[in-house]
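Each remark here refers to the structure printed beneath this line.
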Amino acid sequence: MSGLLAVVTAQALTGGLGVAYLAGGVVVAGLLEQAGRPRGTVLGALVAWPLLLPLLGEAPSPTAPALPPGPLRGRIDQVLGALQDTLGDPAASEVPWEADLAGLRRALEDADSRLALADRLLADGTDGAEEAAAQLRAARARRADAVRAVLAEVQALRLQVGMAALAGDDDALSSRLQELSTRAATLSEVA
Amino acid sequence: MILIHRAAELLRAPGAMVDRIEADASFAEEAPRLLALLALGALTFGAVVGGYRGGLQVPFAAVKLPLLFLVPMMLVLPALRGLWSLCEVDVSYQRLVTAGLVGGARTALLAAAAGPVLWLLFGVMDYHLAVLSFVGVLGLCGLPGLLVVARAVPAGGRSRWVALGGSLVLLGLASMQTGWLLRPFLVRPQSTDVVLLRPVEEDVFSAVETTAWSALGVYDSESDFGRPVYRGTR
């Protein structure tokens, strides 16, 4: 009788703890869902909620409003996507690149959306302001050329990734990536 | 595709990955990816281990192996945070969890990579040597994961080595006892008794001792669960 009681008690305890754990997972997942966390994080919380508790105390990082795509957005996506695939190749060098590439993308997209703004203004008509419109056209052309030049250098950087993988010149690759990122950032600052 | 990138990153530079996740504040996005990699790696390794007997034991072991990696981490990490704080090393719980997930996922991927070798060895090993090989592979693959956690903790602090040693002991004990509760992972090929979980009996230390003696060929009798009991003087 006491043996049976021990088994029943152990089973009840195990079941109770299991239900409590699952309930904890549901509660944490619900709170993360309310906080606007990604769906994968919410599902992960159902299984391993103790590991995701730190997220409950902090607000989700604000996401920057998406910039309106400009005339070069397709080209930017194509070139940077190819570079990302190359840098992410397991055979590529071990240079940390995610932050620099994200910065590069932000800067190029920002410059591209400014081109889009200029295009919209020029399309609205320039009656009585021909001189200003000409200046805007010239500035727009210079900016578009600058963006294209950066994109051409990004393509060249892909080859440098291959060189670094073969020759082990990681430092040169890293500094080139940072230099491009910095140069792209100035596209938004210098007229 | 993103999982392949993350797998490459955590195998090549796990310490830098922990730093990046903290710097980018991308824990919410990266945690489920690390969990998925951990689960995939452990599931693969579990399937290999279950393959020693085959049949139903393959899915049973595959399902339990991810728990073997996750449960000790979930149990011990809060205690580790307290231990490091006691030793005046200031490390946030989120950084500790990030390091634990990176280390756990790295261990799981390494174990999955070692799976084919273990599978080959299973073909020429008897049961007890197979059990010891399984434990040995887990220990070998677990070491790089533990080093990730150890290196993720900031430098300095009083009695840092006490905290580090205590952390390793706590993680080791929790992993061993979790493994014991979730057994069997390896079942004899001729066994007809395949169960998801065995009843709780004795503890992990007496079981390791018995298996070690049995591997040396020292047997006494069969236990209720078909496990040989060694005949030695304690």
Side-chain angles (χ1 to χ4, degrees), chain A residues 3 6-7 10-11 13-14 17-18 21 24-25 28-29 31-33 35-63 81 84-103 165 170 174, chain B residues 1-17 19-39 66-67 69-79 81 91-102 104-105 181 197 199-200:
Chain A
V7 171
Q11 284 178 344
L13 185 63
T14 307
L17 286 174
Y21 183 83
V28 173
L31 291 172
L32 290 176
E33 173 78 28
R37 293 294 183 184
R39 187 55 50 87
T41 311
V42 175
L43 289 175
L46 286 173
V47 183
W49 60 267
L51 298 179
L52 299 176
L53 284 178
L55 291 175
L56 291 181
E58 61 181 39
S61 54
T63 50
Q84 183 171 349
D85 287 345
T86 306
L87 287 167
D89 191 299
S93 65
E94 297 181 9
V95 171
W97 50 268
E98 283 91 346
D100 284 328
L101 191 63
D170 289 358
S174 182
Chain B
M1 192 67 183
I2 189 85
L3 283 184
I4 294 175
H5 285 152
R6 291 298 174 268
E9 187 181 2
L10 72 82
L11 287 174
R12 287 194 310 192
M17 188 176 190
D19 292 338
R20 179 184 66 75
I21 291 172
E22 188 176 48
D24 295 354
S26 57
F27 177 74
E29 290 78 22
E30 298 293 352
R33 291 174 191 150
L34 291 170
L35 278 172
L37 283 173
L38 187 153
L67 295 177
F69 282 76
L70 271 177
V71 171
M73 205 191 305
M74 290 192 287
L75 288 175
V76 166
L77 281 182
R81 165 95 169 86
V91 54
S92 71
Y93 183 60
Q94 184 164 310
R95 182 172 172 84
L96 215 48
V97 172
T98 305
L101 281 174
V102 170
L181 291 173
L197 296 171
V200 179

Inset, instruction - Can you see which heavy atom on B:Tyr93 is nearest to which on A:Pro50, and at what distance? - result: OH-O, 3.2 Å

Inset, instruction - Calculate, to the nearest 0.5 Å, the distance between atoms CE and CG belonging to B:Met74 and A:Leu52 respectively. - result: 10.0 Å

Inset, instruction - List the atom of A:Leu51, the atom of B:Val97, and the distance in Å for their closest heavy-atom pair. - result: O-CG1, 3.1 Å

Legend entry - Region of B:Leu101 in contact with chain A, defined by heavy-atom distances below 4.5 Å: side chain

Legend entry - Shortest non-hydrogen contact between A:Pro54 and B:Gln94, atoms and distance: CB-OE1, 3.6 Å

Legend entry - Evaluation steps, side chain to side chain contact (heavy atoms under 4.5 Å, CB included), between B:Phe27 and A:Thr41: CA-CA 9 Å; B:Phe27 177 74; A:Thr41 311; over 6 Å; no

Inset, instruction - For residues B:Pro32 and A:Gly40, report the shortest heavy-atom separation together with the two atoms involved. - result: CB-O, 3.4 Å

